[in-house]
2 protein chains.
Amino acid sequence: MQTATAYATDRALAPSQPMAISSPTAGFPRSHSVTTFNAGAEIYAPGDKAGTFFQIEFGAVRIHRLLSDGRRQVIAFHLAGETFGFEADRTHSFFAEAIIPTGLRALSRPANDQASPELLVLALRGMLRAQEHILMIGRQTAVERISGFLLDMAERQGGLEYFDLPMTRLDIADYLGLTIETVSRVFAKLRSAGLIKLRSIRCVEIKKLEALRSHCA
Amino acid sequence: MQTATAYATDRALAPSQPMAISSPTAGFPRSHSVTTFNAGAEIYAPGDKAGTFFQIEFGAVRIHRLLSDGRRQVIAFHLAGETFGFEADRTHSFFAEAIIPTGLRALSRPANDQASPELLVLALRGMLRAQEHILMIGRQTAVERISGFLLDMAERQGGLEYFDLPMTRLDIADYLGLTIETVSRVFAKLRSAGLIKLRSIRCVEIKKLEALRSHCA
DNA sequence: CGCACGCTTGAAGCGCGTCAAAAAAGGTGG
DNA sequence: CCACCTTTTTTGACGCGCTTCAAGCGTGCG
């Protein structure tokens with residue numbers, strides 16, 4: 001069990017610009033200028049006013065929630081090009097934090113409730129993603145979860161031969177409902193089985209794609 | 001581990017009416033006549049064409065997915081008055097089955113992609129619900145999951161003094177990422193601790209609401 | 001009645017968590 | 001570039017919560 005203090009973060013350090021909330025426009029929300037966040041900086045917290053959402057120009061973001069005793073669940077990771085921050089309620093339910101230095105473009109949802117079809121698709125995709133996350137956490141073993149996670153990350157970064165993990169092992173553990181020790185052990189296991197190679201601590205190369213796929217039930 | 005055959009179901013037995021798909025209308029989707037499903041009947045399956053969604057007139061529905069070796073994850077339960085079946089893709093990703101005799105009103109999504117604000121809210125709410133489900137499965141103990149589940153069911157049925165669980169223990173187990181034996185044991189534990197009373201096997205009375213709430217971290 | 005199905009209960013095992021410590025990786029300042 | 005500190009990651013030993021396996025019980029229905 002990790003302590004809550006382990007997650008203490010600084011509020012958006014020296015954003016390049018204030019996050020303006022502009023008037024709504026017709027059609028897809030108008031884009032604004034880019035705000036940057038340092039690694040660990042909080043983007044929003046539970047209770048913060050929602051309504052603005054974000055597109056990632058560069059960097060990576062984690063969405064998570066804390067239980068009162070410090071247990072943490074990471075709900076989602078978002079990478080460059082992805083969008084996050086839309087909520088059912090008027091306030092946010094989760095924390096959003098930059099994992100690494102990150103640039104965000106704030107988009108405002110049309111206030112006239114003329115919901116754009118684009119936003120609906122994003123919401124539906126977010127729901128599907130969350131539902132598949134439930135399946136993974138609810139019914140898969142540690143090896144299956146990590147294999148699936150690595151394949152997902154590889155795919156979202158363009159299916160490159162190798163890719164970087166912006167998040168720490170602890171982030172991964174809290175995303176997969178495991179402990180950091182288990183994550184580390186499974187990485188070691190996959191490495192020694194020749195399925196992956198760790199070019200560096202955060203850079204993964206998938207050596208046996210099909211074998212890794214076969215691990216995901 | 002349960003076998004896949006345990007979940008074999010009959011296709012919609014003797015629906016009272018064929019499920020007509022009508023032309024789209026402006027605003028919120030037009031309601032159609034009610035189709036009934038027997039307990040265990042399949043409403044849709046992965047790969048089925050999506051686009052129509054459903055409002056529950058009476059009964060209860062489970063949304064789930066199977067892994068190749070028979071492991072099952074129930075993604076959601078839906079009760080009378082609730083809506084389900086909207087998808088990000090053109091086809092469904094999950095199974096939907098009636099848990100008990102159920103009446104559904106089919107609603108068709110406007111084809112002109114003039115996404116209605118109502119549908120967006122439903123999608124966002126669905127996403128939030130799925131995200132809280134992730135938290136529960138990823139970071140809570142068996143007792144916490146069951147306590148939270150019972151409180152959720154009580155609330156959704158109007159916060160009555162007592163309420164019926166339409167689903168079996170196996171459904172609950174597969175929803176919470178547990179086994180049927182663990183579910184049964186935790187029920188017994190909560191009962192002997194005086195937190196709940198089982199009026200019958202499927203009828204639960206919450207005796208100590210606050211104590212139950214305090215179990216949910 | 002007697003079978004079928006859902007549920008409960010017990011005993012044993014295992015996967016993952018917990019606790020502890022060391023090793024590796026990243027800063028930071030000189 | 002190196003010394004020093006902090007943070008992250010790895011590794012080992014052990015324990016516990018949940019699963020697995022196996023009966024047994026209750027209830028409804030042909």
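Labels below follow one simple rule: chain letters A, B, ... track the order of the sequence lines, proteins then strands, and each chain is numbered from 1.
- Summarising the geometry, atom CG belonging to Asp48(B) is positioned 6.5 Å from atom CD belonging to Glu42(B); distances are rounded to the nearest 0.5 Å.
- Heavy atoms only, all atoms of each residue included: Ala60(B) and Leu79(B) are closest at CB-CD2, 4.1 Å.
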So which protein N/O to nucleotides 22-30 of chain D N/O distances come out below 3.5 Å?
none

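- Counting only Watson-Crick and G-U wobble pairs whose two distances sit under 3.5 Å, DNA chain D takes part in these stems of three or more pairs: C:1-30 with D:1-30.
- At the heavy-atom level, Thr168(B) lies under 4.0 Å from the strands shown only through sugar-phosphate atoms.
- Scanning residues 141-153 of chain A for heavy-atom distances under 4.0 Å to DNA chain C yields Thr141(A), Ala142(A).
- Counting distance only, with no hydrogens placed and no angle test, the side-chain atoms of Arg185(B) and the base atoms of dT20(D) include a donor-acceptor pair under 3.5 Å.
- In this structure, Leu178(B) atom CG and dG15(C) atom C1' are separated by 15 Å, rounded to whole Å.
- Although no hydrogens or angles enter the test, the distance criterion places a donor-acceptor pair under 3.5 Å between the side chain of His133(A) and the main chain of Tyr175(A).
- Contact between the side-chain N/O atoms of Arg169(A) and the OP1/OP2 oxygens of dT7(D) is not found at any separation under 4.0 Å.
- Taking atom CD1 of residue Ile180(A) and atom C1' of nucleotide dA21(C), one finds them 14 Å apart after rounding to whole Å.
- With salt bridges taken as basic N to acidic carboxylate O contacts below 4.0 Å, one links Arg71(B) and Glu144(A).
- For Arg139(B) (side chain) and Leu178(A) (main-chain N/O), a donor-acceptor pair under 3.5 Å exists by modelled atom type.
- From Phe187(A), atom CZ reaches atom CD1 of Ile201(A) across 9.0 Å, with rounding to the nearest 0.5 Å.
- Phosphate contact (OP1/OP2 of dG17(C), side-chain N/O of Thr182(A), threshold under 4.0 Å): present.
- Inter-residue side-chain proximity for His92(B) and Glu87(B) is flagged as met; some heavy-atom pair is nearer than 4.5 Å.
- Using a 4.0 Å heavy-atom cutoff across all strands shown, Ser184(A) reaches at least one base atom of the nucleic acid.
- The interatomic distance linking Leu170(A) (CG) with dT18(C) (P) rounds to 12 Å, in whole Å.
- One interatomic measurement links the two molecules: CD1 of Ile137(A) to P of dC16(C), which rounds to 14 Å at whole-angstrom precision.
- Note: CZ (Arg191(A)) to P (dT10(D)) measures 8 Å, nearest angstrom.
- One finds the CG atom of Leu195(B) at 10.0 Å from the CG atom of Leu150(B) (value rounded to the nearest 0.5 Å).
- Taking a cutoff of 4.0 Å between a charged side-chain nitrogen and a carboxylate oxygen, Asp171(A) and Arg72(A) qualify as a salt bridge.
- For Phe187(A) and dT8(D), the CZ to P distance is 16 Å, given to the nearest whole Å.
- Nucleotide dT10(D) holds its C1' atom 16 Å from the NZ atom of Lys189(A), rounded to whole Å.
- Annotation: the span from Thr182(A) atom OG1 to Ile172(A) atom CD1 amounts to 12.5 Å, rounded to 0.5 Å.
- One atom, CD of Gln140(B), and another, P of dC18(D), lie 12 Å apart when rounded to the nearest Å.
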- Step-by-step side-chain contact (heavy atoms from CB on, under 4.5 Å) determination, Phe95(B) to Ile75(B): CA-CA 10 Å; Phe95(B) 289 96; Ile75(B) 302 297; over 6 Å; no
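- With respect to the salt-bridge test (charged N to carboxylate O, under 4.0 angstrom), the residues Arg129(A) and Asp152(A) qualify.
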